[in-house]
Engineer: 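Have a look at this one.
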Amino acid sequence: MRRVRAALIWAALSIALAVPIAAAAMSPLLAWRDPVYITAGFAGIVAMALLLVQPLLAAGYLPGLAALRGRRVHRWIGAMLVAAVVIHVAGLWITSPPDVVDVLLFRSPTPFSAWGVIAMWALFATALLAGLRRRVRLRWRTWRVAHTSLALVIVLGSVVHALLIEGTMETLSKAVLCGLVLAATVKALAHLRVWSGRAASR
Amino acid sequence: MTSFLFNRRTLIAAGGAAAATVMSGLLVPARARGLAPTGSMRGGSNNYRPDAPIVDRIGGGGFWMSGTVRRAGDGAPLAGQRIQIWAHTTEGHERDWHSHGATLTDANGVFRLEMPQIVPAFGQAHGHLAYDSGEFETVFLRPVMASSKDTSLEAHFVLQPA
């Protein structure tokens, strides 16, 4: 029974990640974009999908990846998120430098871009904090609240960013992925009881 | 019956309010300034390539960019004004030279240039237009299409002498 349950969870997660990426791969817009621009777009889509895995790992919901193993994978996926966002921004920069400069300076005419930039800086800050955590001897509680707050900014910023864009992602699958990311984040936060000051059982 | 009396407090309050109204300019009579010039839009000049050639059509066409050019103040139509147009279309990125072209306004200050279908890029289906010929002040516009399925887009210029 546990095996079946585990298989179902992994199957559901695989579908949740694969469907929006596959739908984007069928976008008509791809025909009118060069490989660099397409790569940049998909790096963003992959980052959005990876964002769904992070809270699931943090709360230990994924079979076989509870506790320490889950945390190690969470860290690796965090690094992949940073890489994906760097590829996303670099590819867009190559495609249209003035547009990306405007976005990074918060003077772009597109409302969604600022949300993306905020999420990006929150992601970089999270990575930095995770990397320096031991060296600066961050208290566990401080680390936990800081990491969770930044994670919330990343999730909210990314979801709004994605929803407002008219791009290669198919509308319905994009909305479902964003909903799942939000739901997983809220569920994990409630489960871990980050704000209550007590550690939850995993 | 209610009666309304001026006492010191109401007088000071009313006087203060009146003074504030006048000083804030709310009671200045309407000025006949006429048509205000169009300001450049944010991001309007992105991927601008100066001196795009005047063309009959950009690429294969199928999409219409049109608009008017008028003079600030009296709103008189400006004939023979060169408007430069570019966008991310089915035939190229904004940065590509072949995505750029220019046209002139007719006697009524109207311009109209056929170009390839604009497709969403950087999150929005949008076009770029420029007036940059020197006689009037430079203006860059970046209109967004209401729907990316539209096959036309309009943008209007009101120019002030440089």
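Each chain gets a letter, A, B and so on, in the order its sequence line appears, and its residues count up from 1.
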Engineer: Could you walk me through whether A/Val103 and B/Phe122 pass the side chain to side chain contact (heavy atoms under 4.5 Å, CB included) check?
Structural biologist: CA-CA 10 Å; A/Val103 166; B/Phe122 279 69; 5.9 Å; no
Engineer: Any idea which donor-acceptor pairs are under 3.5 Å between chain A and chain B?
Structural biologist:
unit_1, atom_1, unit_2, atom_2, d
A/Trp32, O, B/His88, NE2, 2.8
A/Arg33, NH2, B/Pro120, O, 3.4
A/Asp34, N, B/His93, NE2, 3.4
A/Asp34, OD2, B/Arg95, NH2, 2.6
A/Tyr37, OH, B/Phe122, N, 2.7
A/Thr95, O, B/Arg95, NH1, 2.9
A/Ser96, OG, B/Asn47, ND2, 2.8
A/Asp99, OD1, B/Asn46, ND2, 2.7
A/Asp102, OD2, B/Asn46, ND2, 3.0
A/Glu166, N, B/Gly123, O, 3.0
A/Glu166, OE2, B/Ser148, OG, 2.5

Engineer: Highest number of heavy-atom pairs under 4.5 Å with chain B: which of A/Pro28, A/Pro97, A/Pro98, A/Ala31?
Structural biologist: A/Pro98
Engineer: Should A/Thr126 and A/Leu81 be marked as a side chain to side chain contact (heavy atoms under 4.5 Å, CB included) after you check the CA-CA gap, both sets of side-chain angles, and the distance that decides it?
Structural biologist: CA-CA 11 Å; A/Thr126 308; A/Leu81 269 170; over 6 Å; no
Engineer: Do A/Val155 and A/Gln54 make a side-chain contact, defined as non-hydrogen atoms from C-beta onward lying under 4.5 Å apart?
Structural biologist: no
Engineer: Distance check, rounded to the nearest 0.5 Å: A/Arg144 atom CZ versus A/Thr142 atom OG1?
Structural biologist: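 One gets 12.0 Å once the value is rounded to the nearest 0.5 Å.
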Engineer: Go through the atoms of A/Leu92 and report whether side chain, backbone, both or neither lie under 4.5 Å from a heavy atom of chain B.
Structural biologist: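 Both parts, backbone and side chain.
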Engineer: Evaluate the side chain to side chain contact (heavy atoms under 4.5 Å, CB included) criterion for residues A/Leu152 and A/Leu189: first the C-alpha distance (whole Å), next the side-chain angles of each, then the deciding distance (0.1 Å), finally the verdict.
Structural biologist: CA-CA 9 Å; A/Leu152 265 177; A/Leu189 281 183; 3.9 Å; yes
Engineer: Kindly check if the number of other-residue, nucleotide or ligand heavy atoms within 6.0 Å of CH2 (A/Trp76) is above 12?
Structural biologist: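 No, the 6.0 Å shell around CH2 holds no more than 12 heavy atoms from other groups.
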Engineer: Within the 4.5 Å heavy-atom criterion, are B/Leu153 and B/Phe63 side-chain neighbours or not?
Structural biologist: yes
